[in-house]
Novice: 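What follows is a single structure, and I will ask about it in a moment.
Predicted model only: the values in this text are computed from it and were never measured.
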There are 2 protein chains.
Amino acid sequence: MKFCVDTDNKNSWYIGTNNFDAEMANKMETLMFQGNGYFGIRATSEERQLNERRNMFVSGTFDEFPSEVTELPNLPDLLNMEFKIDGETLSLAKGQIKGYHKYLNLKNGELVRKFSWLINGKRVDFKYSRFISMSDKHLLVSKVEIASDQDNLNIQVRSGIDGQQSNSETQHLMEGDKRLYEDKYLQLMEETQQSHIKFVFNARHNVYIDEVLLSEKPFINMGRRQIFANYDIHLNQGQHFSMTKYASVYTSIDRDVDQKTMAEKSVSRLKQNCAFNYDEQLRKSTKVWEKDIWQKNTVKISAKDIRPQVAINFARYQLAANTPRDTRMNIGAKGITGEGYKGHTFWDTEVFMLPYYIFTMPNVAHDLLRYRYHGLAGAHKKAQFNNYRGAQFPWEAAWPDDGESAPLWGSADIVTGEPMKIWSGFIEQHVTSDVVIAIMDYINATNDQNFAQKMGYEMILDAAIFWSSRLEYNRNQDRYEINDVIGPDEYKEHVDNNAYTNYTARWCLQKAIKVYNLIKTDYPNLYEKLDTKLDLTKNYADWLVKVNKIYLPQPNADGVIPENDQYLDKKIIDVSRYQVNNQLSSIFKDYNLSQINEMQITKQADVLLLIYLFGDLFSDEVKQSNWDYYEPKTTHDSSLSLSTHSILASDLNLDDSAYKFYERACETDLGIHAGKAAQGLHMAACGGVWNMTVEGFGGVRIENGKLKIEPHLPLAWDGLEYQITWHGSALKVKINNDKLAVEVIGKGINFISFGEEYQIPANSEIEITLPVIAEV
Amino acid sequence: MKFCVDTDNKNSWYIGTNNFDAEMANKMETLMFQGNGYFGIRATSEERQLNERRNMFVSGTFDEFPSEVTELPNLPDLLNMEFKIDGETLSLAKGQIKGYHKYLNLKNGELVRKFSWLINGKRVDFKYSRFISMSDKHLLVSKVEIASDQDNLNIQVRSGIDGQQSNSETQHLMEGDKRLYEDKYLQLMEETQQSHIKFVFNARHNVYIDEVLLSEKPFINMGRRQIFANYDIHLNQGQHFSMTKYASVYTSIDRDVDQKTMAEKSVSRLKQNCAFNYDEQLRKSTKVWEKDIWQKNTVKISAKDIRPQVAINFARYQLAANTPRDTRMNIGAKGITGEGYKGHTFWDTEVFMLPYYIFTMPNVAHDLLRYRYHGLAGAHKKAQFNNYRGAQFPWEAAWPDDGESAPLWGSADIVTGEPMKIWSGFIEQHVTSDVVIAIMDYINATNDQNFAQKMGYEMILDAAIFWSSRLEYNRNQDRYEINDVIGPDEYKEHVDNNAYTNYTARWCLQKAIKVYNLIKTDYPNLYEKLDTKLDLTKNYADWLVKVNKIYLPQPNADGVIPENDQYLDKKIIDVSRYQVNNQLSSIFKDYNLSQINEMQITKQADVLLLIYLFGDLFSDEVKQSNWDYYEPKTTHDSSLSLSTHSILASDLNLDDSAYKFYERACETDLGIHAGKAAQGLHMAACGGVWNMTVEGFGGVRIENGKLKIEPHLPLAWDGLEYQITWHGSALKVKINNDKLAVEVIGKGINFISFGEEYQIPANSEIEITLPVIAEV
């Protein structure tokens, strides 16, 4: 495994770097992102850099710029501090930089940057520290320390709120009032153009010389969307300068504020926050990280190499920093770590991130699914627009009501010169199945009847209504087909009977039929309500007619399930040279999309994803045949591909492959390729790291509604410990080379392991000797 | 005189610099601005720089971002070229830069930048050249040459259209289609949000190695608002790389294109342009500069110091580059050289720039005044809004119909913390007089009866209707007053009876009365038409009642005309330390506006401007007394102040003062203060340089409708030659220490000089011996 960040063998919560590399700067901004789910900031420096991506987003604050699709507006910058030392503006491009060191503490999200600046014969030591509070979700606290052992310094600093930010120059915000309270609280108000969300930003500074608070008022200056405090300080040789900046953000969609009073109240709140110094505020925040996150999802890897532990810590840190705690919001494909994908939510959440939350923080999983329930109106809108019925979940989702939020048009075709339509929003339809898969997993893992009856069952039924309306009857074959779609393999547009889509669509109908019978029998009131709402009686009849006639592509003579009707007839080429991990979309240098469409090349797990998710439907031989057939044809040019392959390889006892894909998947963001995470993290890959670790190596799976734990510990590891919850009980699982120990905290549970079903009584532990498995 | 640019003793059309200074970079971008009146680009570098202001504007394309006032949108960048040499991105902040040299040829607007980049042990020579065409107003041609004597180079270049630009992050443009024609013509279309002006941008590249055109297609890539061509070239030691970039811009308000076909036609046009290489296109453009501009307004200064000649060349270059040739548009206070003042037109045009055009290119002056005629609807709207009648011209003007375009709110008051109202748009009313002053000057100088009868007289009458409705009757004194205004001295808000405002308002009524009588007698049809339109009969009666009762502040016992009713009672402080040329608004570091309001401090010529413009109304003693009183109280914290003082000093035979103010005025933009022109040029100061030279030292003035030429050659100069037009004849004027020679080309004219009236017959010359004047 090669990481672009340094690690520390003694501290798996550390990622850092000792040099400033302009080419890697955007990637580092992403990796050292800080957030608390409510808002987040990329790890840009306090001073401006050329080509930086200075982004701050508040979850859920979508706005639609005319002619574009809705996105999260990039907000005014609260980090900025511009220093002049003896009149010379601080810049890493000037003078000499010594001892550069930047690092992020994954345990509490504190980011530190230190260096000495050698300029005009002086040596000036800088140390910047900052964190986004987990204890007050609106708060950013930041500190800078400056000293020079040998020289007197004149320090000028300009710091404040800089609203001259945008989304790659698209501006969502209208400037409102700029105000000053009590000579030191800076305030900027703004409002989104179309969604009319109001924002309040505040900042205040405490300047200290040798720990003594400066009483002098700052000089205030203002520009377009800008308000700054300025200090001009003389520092004697050996003296120590420090400035703490407290900043906050509030919006009119926050549930904890009243928008009429938020301008004033947010200032009072900031004032209260200023009663605690940087270290005190950091301690408060660290406690919340510990209690709300780390105590709930231990994952400990025993291995010589620290990096697997860093990878899982990084993944869980980023998931925590990017998951909004508001049921009207969901996790973006890039979280709130960058402009990529505009903050939109895809199937990434349900298929790649929800396993983590379902098994560690089911309350968060609940809220993320509830977001889909809030989104039913949008899903109906989308179905109607396409002349279908029921709930067709959007390919890209933003604010729940918005419905489909995918862009319609992309770049021009380089051959024809004409703009190209983006088809995913129209015909990549499997997301509706993916939502149902996650709902079922959640209900199975938690047995949350309240959710099932209030929301889950309705969504399953509504999704089935969609799929049933979507099916196309083929009279010749007397079967139902799903034609003209995009499956998970996005290289193939306009295909017929994509295996993943057809299998999961039928599965959705099967689940709906079961739910129908269940509620009709057990919950007659609910049945009546939903029958009225969804015309269940008629739909149920429809499902029964269709469910067994849905065409499911079957394994051919070689055991290979055709990815779609057309795939196996295409030309086969050697894909190996496009499989190199650090080349992004390299195949497009040789072929355009319509050429790729004519070849047996797959972007990411498609049939293999089906096999991983529905392992019980396929024999080991079929699984192996499809692995052998598809993997060599897959470029893995999607962050969703590698983790699936690793887990499936674990299932197939392909230990080497499993670990190879695991390592490549861990490198998705942390690896050395500069371009890959420049515009934001791959949140699904973060989920994937947990999935590979706990589902793949740790062997946790839900099969037929039951918990299965069948570990496959990698050779390179001596042991693995993790914690999951099942039906409300906490399970502490310890694995080493020959044993599996499961301790239950809470009521007793059942689980299956290698064909045996085990019962663990309440608050007790079980130890199982693992079978010895030879690689196939 | 201290300039921030280098000059060349042998070439007064040269401004340049031999070092790249980040602190001065924004100013240099302004000074080396290139434009053709239709569009213009700041002199940013092809590669991006931190804190650059990468602006391109097309005149007149105003758009209103929600919550802001209308402004010229900053357009997609056509200059960009990003080079990688052996994989290393070119940046002046990396490696070593040797032989840096950047210069602008004021004669034809060609900008050249050269340097050698020492990187990774190689030395790479770069030369960039570019110009905006005067022969095809839509065209920008740009060239880069690269060579390395000692090494082979791998050159990667990305160049194209980069729409990720904005007005300090306010985005006016909606992204439209991106297209590619014939594999090489890049096109981006955009449209303004509110005014719905459509734009088409095109670019194409020709790459040469050793003068041989590369036939290879570029690799095309696209991003948000971006389309680029990419080349990857191997250059052997000693080979020469060059790339010519042809780019163009069209808009749907252009009068020379049909917006339905402009996407395709603009590409055909660019194709035609590409038939001529860089040098050929430059020659075409240079010819137009020569014929349309330089041949019409010779100004030659004989002096040891080249800088006065550079200053006048610079001023005329910038005026030409920033003056739109479209009657729906006018010159912005900062032209199209930067975001400052949003492209808005102020009284700067009429009082400080029109003398130049009236005397050298009366057709341009005509069009600029016609803009005000197009603006009558907006002027009526403004008057009505304020409960006045007639035409009240806006303080800030954008698209003619828009009416008042001044922002309503500015920064927060640093004392109260509340946002402050910007009063100029409400109560700075003298602009209506200023328009009338320019109309009268134009008619007097050109005798353009067509303009007078079609537009000029109507505007004069309509302005008088406004002023008459504006007057406030003071029963106690039986006089008409104008209270609660801002005069030219903007330090003083809400003053009563500002001398400049009252005198010019009365003068407007007097002019209107004359016009009324003239047209009633001589042009009865016109009279009838205007009487119907403006209710002249009634208004005329009203004027007669009021005109002689308008209160005109009279000189006090010391001969001082009170700037307004309150001024002379205020406290007097020592202003000298705020008069330093290179300190911007330094007084605001010590006082806020309400404190300044309580002191006898003047921002810029106010009473003195009145005396300069209406010299015949005041005795020499009164002039001198007011000079002695007001100049020491004036901070000259406006670019409109110094030139007025220089000319008035010439009039008062204060030769030292005249030259001192002349030098300071020339330094307004060209001087060493980094902040001063960072956001754009002071176009009025450019006009001022011509005014000081030709009106001040050259002694040209219109007095009582007659031409007066009374030179005051500065001691430092040996001679001055200039050309003006009067009543359609060209006058070549030569001045040396004791003689004035005037040659007429065209029909004969009359002029006054030092009390004598001279007649010059058609196509002949006259020489006058100048009187010897002792300094007072």
Side-chain angles (χ1 to χ4, degrees), chain A residues 22-23 48-52 65-68 74 87-89 91-94 163-183 185-187 190-191 193-194 217 219-227 339 409-419 589, chain B residues 22-23 48-52 65-68 74 87-89 91-94 163-183 185-187 190-191 193-194 217 219-227 339 409-419 589:
Chain A
E23 308 282 330
R48 300 207 76 150
Q49 307 276 4
L50 191 62
N51 299 323
E52 66 182 1
F65 186 83
S67 82
E68 298 185 7
N74 185 19
E88 192 84 47
T89 306
S91 155
L92 299 189
K94 269 196 295 201
Q164 291 195 5
Q165 310 299 333
S166 62
N167 295 61
S168 297
E169 308 297 327
T170 286
Q171 182 55 266
H172 290 279
L173 296 157
M174 304 185 290
E175 185 176 1
D177 284 348
K178 281 170 286 206
R179 294 193 54 180
L180 182 68
Y181 295 82
E182 300 174 29
D183 300 326
Y185 293 92
L186 314 177
Q187 185 171 77
E190 295 202 314
E191 184 177 335
Q193 273 203 60
Q194 164 270 332
K217 280 186 214 171
F219 171 74
I220 304 299
N221 74 310
M222 296 175 229
R224 202 166 173 179
R225 303 167 186 271
Q226 293 175 319
I227 177 165
E339 288 178 19
W409 295 96
S411 292
D413 184 306
I414 55 162
V415 177
T416 64
E418 305 278 343
K589 298 219 158 144
Chain B
E23 309 282 330
R48 300 206 76 149
Q49 307 275 5
L50 191 64
N51 299 324
E52 64 182 3
F65 186 83
S67 81
E68 298 185 5
N74 184 18
E88 193 84 47
T89 306
S91 157
L92 299 189
K94 267 197 296 200
Q164 291 194 6
Q165 310 299 334
S166 63
N167 295 60
S168 298
E169 308 295 328
T170 287
Q171 182 55 265
H172 290 279
L173 295 157
M174 302 185 291
E175 184 177 1
D177 284 349
K178 282 170 286 208
R179 293 193 53 179
L180 183 68
Y181 297 81
E182 300 175 28
D183 300 326
Y185 293 93
L186 315 178
Q187 186 171 75
E190 294 201 313
E191 183 177 335
Q193 272 202 61
Q194 165 270 332
K217 282 187 212 170
F219 170 75
I220 304 299
N221 74 311
M222 295 175 229
R224 204 166 172 178
R225 303 168 187 269
Q226 293 176 320
I227 176 164
E339 288 178 19
W409 295 95
S411 292
D413 185 306
I414 55 162
V415 177
T416 65
E418 305 278 341
K589 298 219 159 146

Novice: Find the distance between CD (B:Gln226) and OG (A:Ser168) and round it off to the nearest 0.5 Å.
Specialist: 7.5 Å
Novice: Backbone N or O of B:Glu169 within a donor-acceptor pair of the A:Gln164 side chain at under 3.5 Å?
Specialist: no
Novice: Go through the atoms of B:Lys94 and report whether side chain, backbone, both or neither lie under 4.5 Å from a heavy atom of chain A.
Specialist: side chain
Novice: Under a 4.5 Å heavy-atom cutoff, which of A:Leu173, A:Leu180, A:Asn167, A:Thr416 has the most pairs with chain B?
Specialist: A:Leu180
Novice: For the candidates B:Tyr185, B:Phe65, B:Tyr181, which exhibits the highest count of non-hydrogen atom pairs separated by less than 4.5 Å from chain A?
Specialist: B:Phe65
Novice: What part of B:Gln193 is in contact with chain A, defined as an atom under 4.5 angstrom from a non-hydrogen atom: side chain, backbone, both or neither?
Specialist: side chain
Novice: Quick check on B:Glu68 against chain A: is it the side chain, the backbone, both or neither that has a heavy atom closer than 4.5 Å?
Specialist: side chain
Novice: For the interface with chain B, which of A:Glu52, A:Glu182, A:Glu23 has the highest count of heavy-atom pairs at distances below 4.5 Å?
Specialist: A:Glu23
Novice: Return the CE to OG1 distance between A:Met174 and B:Thr170, rounded to the nearest 0.5 Å.
Specialist: 11.5 Å
Novice: Please state whether the side chain, the backbone, both or neither of B:Arg224 comes within less than 4.5 Å of a heavy atom of chain A.
Specialist: side chain
Novice: For chain B, which candidate among A:Gly176, A:Pro66, A:Gly410, A:Ala93 shows the most heavy-atom pairs at distances under 4.5 Å?
Specialist: A:Pro66
Novice: Is A:Asn221 in contact with chain B via its backbone, its side chain, both, or neither, using a 4.5 Å heavy-atom distance?
Specialist: neither
Novice: Do you know which of B:Lys178, B:Gln165, B:Arg48 has the most heavy-atom pairs under 4.5 Å to chain A?
Specialist: B:Gln165
